[in-house]
Amino acid sequence: MAYWLMKSEPDVFGIDDLKRNQVEPWDGVRNYQARNFMRDHMQVGDGVLFYHSNTKPPGIAGIAEVASKPYDDPTQFDPEAKYFDPKSSLDKPRWQLVDIKYIRHLQRYLSLDELKQHTDVLTDFPLLRKGNRLSVMPVEAEHWQYILNLEQA
DNA sequence: GCCAACGTTGGC
DNA sequence: GCCAACGTTGGC
């Protein structure tokens, strides 16, 4: 069992939307590193920290779970789709995704500011690394546990 | 294969 | 709205 953090802009798709839909294909990832995490390393049942980016304040909003094996992101084939990729094709698909299932909101929102106050424990937490732009990143088990404890604090 | 130009992310 | 970081593109 592995743990992940996935970013989304709440104006586009936030934790409330996930709660409403329950399960959602995590489409639109167009970064190879992020894709590789989904395609090569995610397993059904893995834990996901649902992070709100590009909002005030940014932070972790809830918990979700990987709900499918990786499969081809359908939006890459659709010329009308925002995430259409003309270099992708049905026989040579570039982008894969997984479905994400809603588990729960955090009891309280953990802002990026607050997380930054714990860099002593959250060393090498990718989210806190300078210049980090990855939308999908691995979370170590100890960090996962620590963050869920912070929620109670 | 190098690298400058350009585009995107995302915090501030 | 600014800008740092950094990935991608394309000319050579």
Side-chain angles (χ1 to χ4, degrees), chain A residues 2-21 24-42 46-66 70-100 102-140 142-144 146-151 153:
Chain A
Y3 302 97
W4 308 96
L5 181 144
M6 297 171 89
K7 293 181 186 173
S8 187
E9 302 187 14
D11 290 348
V12 179
F13 188 86
I15 188 78
D16 294 334
D17 301 300
L18 185 62
K19 183 178 186 180
R20 194 176 319 115
N21 298 4
E24 184 75 9
W26 204 261
D27 58 19
V29 170
R30 294 295 179 266
N31 169 283
Y32 290 107
Q33 216 180 335
R35 177 205 66 184
N36 292 349
F37 286 134
M38 292 198 288
R39 188 188 64 182
D40 304 334
H41 300 291
M42 282 194 183
D46 281 358
V48 174
L49 298 172
F50 195 110
Y51 180 83
H52 282 178
S53 66
N54 238 315
T55 188
K56 276 189 174 179
I60 299 169
I63 306 289
E65 186 178 288
V66 176
Y71 61 97
D72 293 340
D73 181 342
T75 63
Q76 71 192 300
F77 307 125
D78 176 4
E80 303 299 313
K82 183 183 173 197
Y83 298 111
F84 174 61
D85 183 350
K87 291 178 181 167
S88 193
S89 63
L90 279 167
D91 51 323
K92 277 202 167 181
R94 281 192 170 190
W95 306 109
Q96 283 75 36
L97 53 69
V98 295
D99 291 344
I100 293 300
Y102 177 80
I103 301 295
R104 62 179 180 85
H105 281 59
L106 287 190
Q107 294 170 39
R108 63 187 191 89
Y109 188 76
L110 293 177
S111 71
L112 181 61
D113 261 355
E114 178 172 356
L115 293 170
K116 280 179 177 169
Q117 291 163 23
H118 299 270
T119 42
D120 50 332
V121 183
L122 299 177
T123 42
D124 293 327
F125 192 51
L127 182 73
L128 301 179
R129 272 209 289 267
K130 194 178 175 182
N132 164 67
R133 288 174 10 192
L134 263 186
S135 61
V136 176
M137 61 188 82
V139 175
E140 291 171 29
E142 310 87 82
H143 292 167
W144 172 273
Y146 186 76
I147 286 164
L148 292 194
N149 289 341
L150 268 189
E151 184 191 7

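A, B, ... follow the sequence lines: proteins, then strands. Residue 1 opens every chain. Nothing here was measured: the structure is a model prediction, and the numbers come from that model.
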Sugar-phosphate, base or nothing in reach of A/K7, heavy atoms under 4.0 Å | sugar-phosphate
Output the rounded distance in Å from [atom1] ([X]) to [atom2] ([N]).
| X | N | atom1 | atom2 | value |
| --- | --- | --- | --- | --- |
| A/N132 | B/dT8 | CG | P | 19 Å |
| A/M137 | B/dT9 | CE | P | 14 Å |
| A/E9 | B/dT8 | CD | C1' | 11 Å |
| A/N31 | C/dT8 | CG | P | 6 Å |
| A/L128 | B/dC12 | CG | P | 10 Å |
| A/D85 | C/dT9 | CG | C1' | 13 Å |
| A/Y32 | B/dT9 | OH | P | 15 Å |
| A/Q33 | B/dT8 | CD | C1' | 16 Å |

Please work out which of the three classes, parallel, tilted or perpendicular, describes the rings of [Y] and [X], given edges at 30° and 60°.
| X | Y | answer |
| --- | --- | --- |
| A/F13 | A/W26 | perpendicular |
| A/F50 | A/H52 | perpendicular |
| A/F125 | A/H143 | perpendicular |

Side-chain N,O (A/K130) to OP1/OP2 (B/dG10) below 4.0 Å | no
Does a side-chain N or O from A/K87 land closer than 4.0 Å to OP1 or OP2 of C/dT9, or not?
-> yes
Please identify each residue that fulfils ring pair (Phe, Tyr, Trp, His ring centres under 6.0 Å) with A/H118, with sequence neighbours left out.
-> A/Y146
Could you write nucleotides 2-7 of chain B as a row of B, S and -, 5' to 3', where a protein heavy atom under 4.0 Å of any base atom gives B, of only sugar-phosphate atoms gives S, and otherwise -?
-> -----B
Do A/K116 side-chain atoms and A/L128 backbone N/O form a donor-acceptor pair below 3.5 Å?
-> no
So, A/S89 and A/D91: side-chain donor and acceptor under 3.5 Å apart, yes or no?
-> yes
Side chain to side chain, A/Q76 and A/R30, heavy atoms closer than 4.5 Å | yes
